[in-house]
Colleague: 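Once you've had a glance at the structure underneath, I'll fire off some questions.
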Amino acid sequence: MRRLTIACALLVGCGGGGSGDATDDPADASLPAPDAATPPGAGVALDVGHDGGAYDIDAAALAALFEGAGATVTTITSQPADLADDVGLLLVLSPTSGFPDPAPAQALLARGGTVVVVTEHSGYGDHAGATAYLADLGCTLASLGGLRSGTQALSVGTVAGVTDGVAALTLFYGAEIDLGADGVAVATYDDGAPAIGTEQVGAGRVVLVPDGSFFGYVLDEADNRTLLLNLRP
């Protein structure tokens with residue numbers, strides 16, 4: 001199409017009836033534009049707002065984990081609009097009084113960042129709120145509630161960039177999730193039901209973990225730490 005446009009412009013120019021300047025041709029506007037998305041920042045944000053950060057979540061231990069890997073970590077109770085300028089990994093740590101405005105996380109995903117949504121088992125988690133928040137992010141994963149009592153030794157799937165170096169994962173009193181139309185299982189319970197899910201959303205990734213203990217009480221068990229470090233920017 002571009003070769004034909006230039007040829008036509010030359011013919012018009014030779015006849016004296018036009019400028020012959022192909023750079024002004026509107027056909028140029030239809031050419032694919034280069035990807036102008038700016039990558040997100042390299043930091044990690046731990047969102048404990050909306051009455052999040054349950055008793056079995058250890059925000060200080062999480063901060064130490066990521067800081068030990070060289071990341072800058074901030075603990076927040078609200079997400080600024082420009083979150084993605086400084087943060088590449090956002091952990092939404094089990095809010096129980098509503099979920100945050102999805103706009104900052106949407107912007108983070110659009111720039112290739114990762115959002116981890118955490119819920120709790122039974123009535124300790126806001127499962128309806130989590131599922132609505134996930135949908136607002138453009139994600140089909142869902143938090144279903146329910147209860148898997150005691151220590152849950154999970155079978156680990158293969159998800160490139162997520163399960164690298166991860167052979168075993170542990171939850172403690174986890175809940176049920178649904179993978180939706182586009183999610184995949186990072187790990188499953190012993191009956192094959194999904195225990196941790198992930199989904200690509202635009203340029204970014206969403207991870208759903210239905211157990212706060214994973215981020216505190218059993219953080220040091222199995223390869224839980226390795227999985228979280230795989231998610232860092």
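By convention here, the first residue in the shown sequence is residue 1. We use all heavy atoms of the structure for the numbers below, so side chains are in, but hydrogens, waters and symmetry mates are not.
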Colleague: By side chain to side chain contact (heavy atoms under 4.5 Å, CB included), which residues pair with Ala60, not counting sequence neighbours?
Modeller: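 Partners of Ala60 under the side chain to side chain contact (heavy atoms under 4.5 Å, CB included) test: Asp58.
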Colleague: Is a side-chain N or O of Thr96 found less than 3.5 angstrom from the main chain of Gly52, in a donor-acceptor match?
Modeller: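 It does not hold such a pair.
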Colleague: Count I, L, V, M, F, W, Y as connected when their side-chain heavy atoms are under 4.5 Å apart, and connections chain through other members. Are Tyr173 and Val209 then in the same cluster?
Modeller: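 No.
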Colleague: CZ of Phe66 to OG1 of Thr74: how many Å apart, nearest 0.5 Å?
Modeller: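 One finds 11.5 Å between CZ of Phe66 and OG1 of Thr74.
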Colleague: Could you tell me if the side chain of Val207 sits less than 4.5 Å from the side chain of Arg205, heavy atoms only?
Modeller: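 Yes, their side chains come closer than 4.5 Å.
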Colleague: Please collect all ring pair (Phe, Tyr, Trp, His ring centres under 6.0 Å) contacts where either partner lies in residues 137-166, sequence neighbours excluded, each pair once.
Modeller: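 Qualifying pairs, neighbours excluded: none.
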Colleague: Nearest 0.5 Å please: distance from the CG atom of Asp178 over to the CG atom of Leu208.
Modeller: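 Going from the CG atom of Asp178 to the CG atom of Leu208 covers 10.0 Å.
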Colleague: Ignoring hydrogens and angles, tell me if any N or O in the side chain of His127 forms a donor-acceptor pair with the backbone of Ser122 under 3.5 Å.
Modeller: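 Answer holds: yes.
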Colleague: Nearest 0.5 Å please: distance from the OG1 atom of Thr114 over to the CG atom of Leu108.
Modeller: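 It is 7.0 Å, given to the nearest 0.5 Å.
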Colleague: Ignoring hydrogens, what is the shortest heavy-atom contact between Asp51 and Ser97? Give both atom names and the distance.
Modeller: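 In terms of heavy atoms, the two residues are closest at OD2-OG, 2.8 Å.
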Colleague: Applying a strict under-4.5 Å side-chain criterion to I, L, V, M, F, W and Y, I'd like to know whether Val201 and Leu89 cluster together.
Modeller: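 Val201 and Leu89: separate clusters.
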Colleague: Assess the side chains of Gln152 and Thr170: does a donor N or O sit below 3.5 Å from an acceptor N or O?
Modeller: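 Absent: no donor and acceptor within the cut-off.
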Colleague: Looking at side-chain heavy atoms only, is the closest gap between Thr119 and Asp126 below 4.5 Å?
Modeller: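 No; the side chains remain at least 4.5 Å from each other.
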Colleague: Quick one: salt bridge (Lys or Arg N to Asp or Glu O under 4.0 Å) pairs with a partner in residues 133-161, sequence neighbours left out?
Modeller: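 Counting only pairs at least two positions apart or across chains, the salt bridge (Lys or Arg N to Asp or Glu O under 4.0 Å) contacts touching residues 133-161 are Arg148-Glu176, Arg148-Asp191.
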Colleague: Does Leu179 share a hydrophobic cluster with Val117, counting links as ILVMFWY side-chain heavy atoms below 4.5 Å and allowing steps through other members?
Modeller: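 Cluster IDs for Leu179 and Val117 match.
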Colleague: Holding to side chain to side chain donor-acceptor pair (under 3.5 Å), I want the full list of residues that pass it with Asp85, two or more places apart in sequence or in another chain.
Modeller: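 With sequence neighbours excluded, Asp85 shows a side chain to side chain donor-acceptor pair (under 3.5 Å) to Arg111, given in chain and number order.
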Colleague: Test your reading of the model: is there a side-chain donor-acceptor pair from Ser155 to the backbone of Thr188, 3.5 Å cut-off?
Modeller: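 No; zero donor-acceptor contacts below 3.5 Å.
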Colleague: Using side-chain heavy atoms (C-beta onward) and a distance below 4.5 Å, is Leu137 in contact with Leu109?
Modeller: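 Leu137 vs Leu109: side chains touch.
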Colleague: Does Gly161 offer a backbone N or O that forms a donor-acceptor pair with the side chain of Asn230 under 3.5 Å?
Modeller: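 Pair absent, no side-chain N/O of Asn230 close to backbone of Gly161.
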Colleague: Does one side chain, of Gln200 or Asp182, offer a donor that lies under 3.5 Å from an acceptor on the other?
Modeller: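 Looking only at side-chain atoms, Asp182 and Gln200 do not form any donor-acceptor pair under 3.5 Å.
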Colleague: Can you check whether His50 reaches Val92 side chain to side chain, under 4.5 Å on heavy atoms?
Modeller: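 Side-chain contact under 4.5 Å: no.
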Colleague: Are any non-hydrogen side-chain atoms of Leu227 and Val186 less than 4.5 angstrom apart?
Modeller: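 Heavy-atom side-chain distance check passes, below 4.5 Å.
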Colleague: Leu154 and side-chain contact (heavy atoms from CB on, under 4.5 Å): which partner among Asn224, Ile196, Val166, Asp190?
Modeller: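 The side-chain contact (heavy atoms from CB on, under 4.5 Å) with Leu154 is passed solely by Ile196 among Asn224, Ile196, Val166, Asp190.
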Colleague: Linking I/L/V/M/F/W/Y whenever any side-chain heavy atoms sit under 4.5 Å apart, do Leu62 and Val87 land together?
Modeller: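 No.
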Colleague: Could you give the distance from CG (Leu228) to CG (Leu91), rounded to the nearest 0.5 Å?
Modeller: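 Rounded to the nearest 0.5 Å, the CG-CG separation comes to 7.0 Å.
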Colleague: Please report the shortest heavy-atom distance between Pro233 and Gly41, naming the atom on each side.
Modeller: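 Heavy-atom minimum between the residues: CB-O, 3.9 Å.
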Colleague: Using the ring pair (Phe, Tyr, Trp, His ring centres under 6.0 Å) rule, collect all pairs that involve residues 210-233, keeping only residues at least two apart or in two chains.
Modeller: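 The answer is Phe172-Tyr217.
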Colleague: Measure across Val115 and Ala105 and return the closest heavy-atom pair with its distance rounded to 0.1 Å.
Modeller: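 Closest pair (atom of Val115, atom of Ala105, distance): CG2-CB, 4.0 Å.
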Colleague: Has Ser143 got a side-chain atom pairing as donor or acceptor with Ile177's backbone, closer than 3.5 angstrom?
Modeller: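 Judged by distance alone, no pair lies under 3.5 Å.
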Colleague: Hey, does the side chain of Thr72 reach the backbone of Gly43 with a donor-acceptor pair shorter than 3.5 angstrom?
Modeller: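 Pair absent, no side-chain N/O of Thr72 close to backbone of Gly43.
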Colleague: Should the heavy atoms of other residues, nucleotides or ligands under 6.0 Å from OH of Tyr189 be counted, would the total exceed 12?
Modeller: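 Counting neighbours around OH of Tyr189, more than 12 heavy atoms of other residues, nucleotides or ligands fall under 6.0 Å, so yes.
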Colleague: Is it the case that the side chain of Thr163 and the backbone of Gly157 share a donor-acceptor pair, with hydrogens and angles ignored and the cut-off at 3.5 Å?
Modeller: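 Yes; at least one donor-acceptor contact below 3.5 Å.
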Colleague: With sequence neighbours excluded, give me every ring pair (Phe, Tyr, Trp, His ring centres under 6.0 Å) pair touching residues 77-108.
Modeller: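 Residue pairs passing ring pair (Phe, Tyr, Trp, His ring centres under 6.0 Å), neighbours aside: Phe99-Tyr133.
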Colleague: Count I, L, V, M, F, W, Y as connected when their side-chain heavy atoms are under 4.5 Å apart, and connections chain through other members. Are Leu83 and Leu46 then in the same cluster?
Modeller: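 Hydrophobic grouping puts Leu83 apart from Leu46.
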Colleague: In the structure I gave you, are the side-chain heavy atoms of His121 and Asp211 within less than 4.5 Å of one another anywhere?
Modeller: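 They are not in contact (no side-chain heavy atoms under 4.5 Å apart), so the answer is no.
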Colleague: Drop me the distance from Asp47's CG to Ser94's OG, to the nearest 0.5 angstrom.
Modeller: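 OG of Ser94 is found 11.0 Å from CG of Asp47.
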